[in-house]
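First up is the structure itself, then whatever we jot down about it.
All heavy atoms count here, side chains included; hydrogens, waters and symmetry mates do not. Sequence lines set the chain letters: A, B, ... in the order given, protein chains first and strands last, and positions in each chain run from 1.
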Protein chains: 2
Amino acid sequence: MSAHQQTAASPFVRACRGESVPHTPVWFMRQAGRSLPEYLKLREGIPMLTSCTMPELVTEITLQPVRRHGVDAAVYYSDIVVPLKAIGLDLDIKPGVGPVVAAPIRGRADLARLRDLEPGDVSYVTEAIGLLTAELGPTPLIGFAGAPFTLASYLVEGGPSRNHERTKALMYGEPDLWRDLLDRLADITASFLKVQIEAGASAVQLFDSWVGSLAPADYRRYVMPSSVKVFDAVAGYGVPRLHFGVGTGELLGLMGEAGADVVGVDWRVPLDEAARRVGPGKALQGNLDPAVLFAPAPVVEAKAREVLDAAAASGTGHIFNLGHGVLPSTDPEAITRLVDFVHRSTQV
Amino acid sequence: MSAHQQTAASPFVRACRGESVPHTPVWFMRQAGRSLPEYLKLREGIPMLTSCTMPELVTEITLQPVRRHGVDAAVYYSDIVVPLKAIGLDLDIKPGVGPVVAAPIRGRADLARLRDLEPGDVSYVTEAIGLLTAELGPTPLIGFAGAPFTLASYLVEGGPSRNHERTKALMYGEPDLWRDLLDRLADITASFLKVQIEAGASAVQLFDSWVGSLAPADYRRYVMPSSVKVFDAVAGYGVPRLHFGVGTGELLGLMGEAGADVVGVDWRVPLDEAARRVGPGKALQGNLDPAVLFAPAPVVEAKAREVLDAAAASGTGHIFNLGHGVLPSTDPEAITRLVDFVHRSTQV
């Protein structure tokens, strides 16, 4: 039985499809790595991007939060720049800074450096997912990739950016070059997601982390075509396609239209309102403020209850998650308690 | 004739009131200071918070962008932590970092340090505004202050914060202490705005820079009462009250309800949609993406035109501005050209 068949009846996959579930499934963005002490111990002395190429290590890090918290899905431990590194771009992840690109992309000649990704470039991914699905059994593994806009923002800025001014200057000022850049990134992203699905990932999430910095008309004109291309490329596999960005309240409808089966929502928009913006036929994921986990346990439960109530009012499939990644200094115990609370309060 | 009388017929004040104007008025958040070469020269060797206490210097810095760009309003050169420094809190602005508070506020005993602000604490403000209004004549001066939530976030975190987790933990976990903290800050803020209005400011803008990190229900419960208190305290002067925060698409209606006459909008929400959220009887300010100024001039004009068209479609008073502050590396020439474009294209 394939990994996809084994996980088809899981609460996570069923909720993505809007089917009935025994309890609301829950997982957390950034659940793997970052804050868990057992992760920090494993990673000691190993640079981030090196760790992503070590199948046994990736497997162990991906499994840690599943074991510890009892979440309903594993999310593949990786980084959004992994496929760019794999095709030979000179970039690294600097601790405390983020991805840093040695030679930013600024002109048409730079596009030549963006060759397509071959499965052989990321054989460690195929290997790790093989190990993972064997361990996970009926628990789904979520594969993931960064979306073309967010990848482009790192490549054009040369690193993390608060205001994305170089990215936007290129987008507005050289729209043909911009379109070709995002089109190349869409191919790379689609290839990377295909590798993960073919190796056994039961769902994929496309992270457009920074696309919330765009107004809707610009999103539609400059970004949506490349996201559509990515989602179309993996539509044939029939695995749920999730899509998320932070601060995307104005873009939720368009992000669904781009081809997502599940739209992730940050904590700024209540889920019943999000459902109105996304429209029928799609599930929602989210949306507890990650900062709530720093409050006392009864507050966490009350705020989680608000999320569950809004989800129930929306009438669509719901995967409980935070409205952004787990913050680095979050107490892991608070996360475990939250998983338990969501399961207990939604059991049918 | 008082400064308020002298400026009552200005396009800026008239637009704030929804009255007809000879052209759409324009000014820019952060127009004073930051990027202008003549500013950087003046400030050489003078720490930020020291510069805010020097009336002649403040006057010159405030006037520089009015002279250079021909904007329709001056905005008082200051910083949101100035009133907190003036009541004796030990804080400073670290270049490249932002406000840093020596002893963050974490418990009830810390509230005692938040005494009310007396006009004598900021006599340099009264003096500078006297000098300014004499120079400005019919051009209005906008006074400003940080709103209680944003001030609280600096005081609780001890400095700038990406996720505001300590602030939110206090807000959710100790709601009585939180309420009292924001109430103290509302008094200080109101006193600081009164000083500016009595000295001659023709309008005031309350900056709740980081309040966009809250969902609407939390804004209403934990923040809105303190903002209402500030706006109520200055209502009697009859000067326009502006209100702005970044990423506040979900909060626009509530921020208007809090007592603003003009609601500032960042670039994520088109102004016609913003008008629907804010409701009738209020003007709008905004909302060109500051990053657009890094694109070629024809693109800047096309995007500014989109803003003006959406404003016209909204049918309310409109003050043209960016959707956030001028970015530090913006070319001043691009700003001057934009002012000219807005004036030319809206002349009646």
Mark yes when over 12 heavy atoms from residues, nucleotides or ligands other than B:Arg34 sit less than 6.0 Å from its CZ; otherwise mark no.
-> yes

Minimum-distance pair of heavy atoms, taken over all atoms of B:Arg268 and A:Leu214 = CG-O, 4.5 Å

Between A:Leu170, A:Asp218, A:Leu293, which has the largest tally of heavy atom pairs under 4.5 Å with chain B?
-> A:Asp218

If you look at every heavy atom in B:Trp267 and A:Ser213, which pair is closest and at what distance?
-> NE1-O, 2.7 Å

Sidechain N-carboxylate O distance under 4.0 Å for A:Arg221, B:Glu306 = yes

Identify which of B:Arg162, B:Lys303, B:His164 forms the greatest number of heavy-atom pairs closer than 4.5 Å to chain A.
-> B:Lys303

Cut-off 4.5 Å, heavy atoms of chain A, and the answer for B:Asn287 is neither

Chi angles and distances behind the side-chain contact (heavy atoms from CB on, under 4.5 Å) call for B:Lys168, A:Asp289 = CA-CA 10 Å; B:Lys168 290 179 178 176; A:Asp289 186 343; 2.6 Å; yes

Among A:Gly212, A:Ala217, A:Gly323, A:Gly247, which has the most heavy-atom pairs under 4.5 Å with chain B?
-> A:Gly212

At a heavy-atom separation under 4.5 Å, does A:Arg166 approach chain B through its side chain, its backbone, both, or neither?
-> neither

Is the closest basic N to carboxylate O distance between B:Glu273 and A:Arg277 below 4.0 Å?
-> no

What are the two closest heavy atoms between B:Pro296 and A:Gly173, and how far apart are they?
-> CD-CA, 3.6 Å

Nearest heavy-atom approach of A:Pro270 to B:Pro216 is CD-CD, 4.4 Å

Got a sec, which pairs hit side-chain hydrogen bond (donor to acceptor under 3.5 Å, both in side chains) with one end in residues 321-338 of chain B, sequence neighbours left out?
-> B:His69-B:Thr336

Return the option, out of A:Thr167, A:Val292, A:Val300, with the maximum number of heavy-atom pairs under 4.5 Å with chain B.
-> A:Val292

